[in-house]
Undergrad: 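First the structure, which I've put down as structure tokens, then a few questions once you've had a look.
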Protein chains: 2
Amino acid sequence: MAIRRPADQAGTRSAILDSAERLVQHRGFNGFSYADVAAELGITKAALHYHFPGKAELGEALIDRYASRFADALAEIDTANVVALERLRAYANLYLGVLRGERMCLCGMLAAEYQTLPDPMRQTVVDFFDHNIAWLTRLLQNGRADKSLKFTGRPEDTAQLIVGTLEGAMLVARPYGDTAKFEAVVTRLLSDFGNPATARSR
Amino acid sequence: MAIRRPADQAGTRSAILDSAERLVQHRGFNGFSYADVAAELGITKAALHYHFPGKAELGEALIDRYASRFADALAEIDTANVVALERLRAYANLYLGVLRGERMCLCGMLAAEYQTLPDPMRQTVVDFFDHNIAWLTRLLQNGRADKSLKFTGRPEDTAQLIVGTLEGAMLVARPYGDTAKFEAVVTRLLSDFGNPATARSR
DNA sequence: GTCTATAGGCAGATAGAC
DNA sequence: GTCTATCTGCCTATAGAC
């Protein structure tokens, strides 16, 4: 008893989201227009308004989909990796994948534009970060408990540090068009959490 | 033999820069307009175009002034602090001051919008980061040499990590309107560089 | 669902008077 | 230097035909 829906509706809707997502991650929410999306898909602006009444609704749908995809990726990391340090590495690789597509993290981009975002989008951005921090906090707590991760202070603060470092490293690396800069930061970041016996302070 | 100039010219010019700088750090380069600045100063848009022919030129002037002020602050840090860790702390405090004014770092904001920036502004943004990385790299080299700083790997990579972490922590903390989140990250970041004898790995 | 046509507003920018 | 007036273009959004 599947819900019946014209193929085009779901197809166009997700094609719009794909295009808009790429544009926002590339140019920002204030840097793209309905005209850009319409041109990319070969349809008119009016058709977009049928699927998403306004830019605010499109933006909300964008974050919702991105957040749920990210949540799936985190769950996948949990099932695929046992060791906490490996989970952390996999988490960093999510960001690297985004940067490789010459994109900024969607919510990192929206965080920069936060003050100009339509009201309904704001909470959704904050929720994304909250979810990431919560997941990392659990990971850090577990890693500390089973002694696979070494770090000082509150897990919440270190989780905040990790998110901040990854978002910031992306932000700064992108103008250089140089993923190596990002990767060097990740390596350096992760090295602090590993077994101190293998770390060298020179 | 001072250069003579009507008081208003220099006055208006820097008032425009002050207003535009605040607006860009708050709302982004694509999130403010000549009309915003004009309204704030009680003058017309046409007057702005007299001082800055176009938005691109205004943007360039904005970064130039910001970068030179930042360079002064770095020089000031070097003369006021002997210990490398203290210099690092003072550097982080520069960022904290910006965040306390409910602003994002100008160049961090522009880095997010990089793909939509007028061409002449792009190199100037990159130069800003290069300068910061270079200053931090020297600081890290000196700190390592006199054993006042502990860290692993190449100084360049750690410099990149520090800039990324500070920019990213600002980016993520601002939507929360919570400077404490930023300060916690800074404390956590700096603790890794201090004397290991006083650090606790719990 | 998608189109054409168009409204209404704001953007960056210019000409020319004072 | 700053003004008024105006241009052109793009923006988001809507009405109504197909």
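Below, all heavy atoms of this structure are taken into account, side chains as well, without hydrogens, waters or symmetry copies. The model shown is predicted, which means the values in this text are computed figures rather than measured ones.
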Undergrad: Could you check how far NZ of Lys55(A) sits from C1' of dC10(D), rounded to whole Å?
TA: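 Whole-Å distance recorded here is 12 Å.
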
Undergrad: Taking CG from Leu58(B) and C1' from dA11(C), how many angstroms apart are they, rounded to a whole number?
TA: 15 Å

Undergrad: Between P on dT14(D) and CD on Glu57(A), what's the gap in Å once rounded to a whole number?
TA: 9 Å

Undergrad: Does the side chain of Asn81(A) pick up a donor-acceptor pair with the side chain of Tyr91(A) at under 3.5 Å?
TA: no

Undergrad: Among dC3(C), dC11(D), dG12(C), find the nucleotide with the atom closest to the side chain of His49(B).
TA: dG12(C)

Undergrad: Nearest whole angstrom, please: distance from the C1' of dA11(C) to the CG of Asn30(A).
TA: 13 Å

Undergrad: Among dA13(C), dA11(C), dT14(D), which nucleotide has an atom closest to any side-chain atom of Tyr34(B)?
TA: dA13(C)

Undergrad: Which part of the nucleic acid, if any, lies within reach of Phe32(A) when heavy atoms closer than 4.0 Å are counted: base, sugar-phosphate only, or nothing?
TA: sugar-phosphate

Undergrad: Can you find a pair of side-chain heavy atoms, one from Leu106(B) and one from Phe128(B), that are under 4.5 Å apart?
TA: no

Undergrad: Which one, dC3(C), dA11(C), dT2(D), comes nearest to the side chain of Ile43(A)?
TA: dC3(C)

Undergrad: From the options dT2(D), dA13(D), dT2(C), select the nucleotide whose nearest atom is closest to the side chain of Thr12(A).
TA: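 Closest of the options to the side chain of Thr12(A): dT2(C).
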
Undergrad: With a cut-off of 6.0 Å (strictly less than), are more than 12 heavy atoms of other residues, nucleotides or ligands near CD of Glu86(B)?
TA: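 Yes.
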
Undergrad: Which listed nucleotide (dT2(C), dT2(D), dC3(C)) is nearest to the side chain of Thr44(A)?
TA: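 Of dT2(C), dT2(D), dC3(C), dC3(C) is nearest to the side chain of Thr44(A).
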
Undergrad: Whole angstroms only, please: what is the CZ-P distance between Phe29(A) and dC11(D)?
TA: 14 Å

Undergrad: In whole Å, I'd like the distance from the NZ atom of Lys45(B) to the P atom of dT14(C).
TA: 13 Å

Undergrad: Closest to the Ala35(B) side chain: dT2(C), dA11(C), dA13(D)?
TA: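 Ranking dT2(C), dA11(C), dA13(D) by closest atom to the Ala35(B) side chain puts dA11(C) first.
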
Undergrad: Could you tell me which non-hydrogen atom of Asp157(B) sits nearest to which non-hydrogen atom of Ala184(A), and how far apart they are?
TA: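 In this case the closest contact between Asp157(B) and Ala184(A) is OD1-CB, 3.5 Å.
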
Undergrad: Whole Å only: how far is the OH atom of Tyr50(A) from the C1' atom of dT4(C)?
TA: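 So the two atoms are 18 Å apart, to the nearest Å.
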
Undergrad: Quickly work out the Leu48(A) CG to dC11(D) C1' distance and round it to whole Å.
TA: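 Atom CG in Leu48(A) sits about 13 Å away from atom C1' in dC11(D).
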
Undergrad: Can you tell me which nucleotide in dC3(D), dC11(D), dA13(C) comes closest to the side chain of Ala46(B)?
TA: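 The listed nucleotide nearest to Ala46(B)'s side chain is dC3(D).
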
Undergrad: In terms of relative ring orientation, are Tyr95(B) and Phe70(B) parallel, tilted or perpendicular, with 30° and 60° separating the classes?
TA: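 Because their plane-to-plane angle is over 60°, the rings of Tyr95(B) and Phe70(B) count as perpendicular.
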
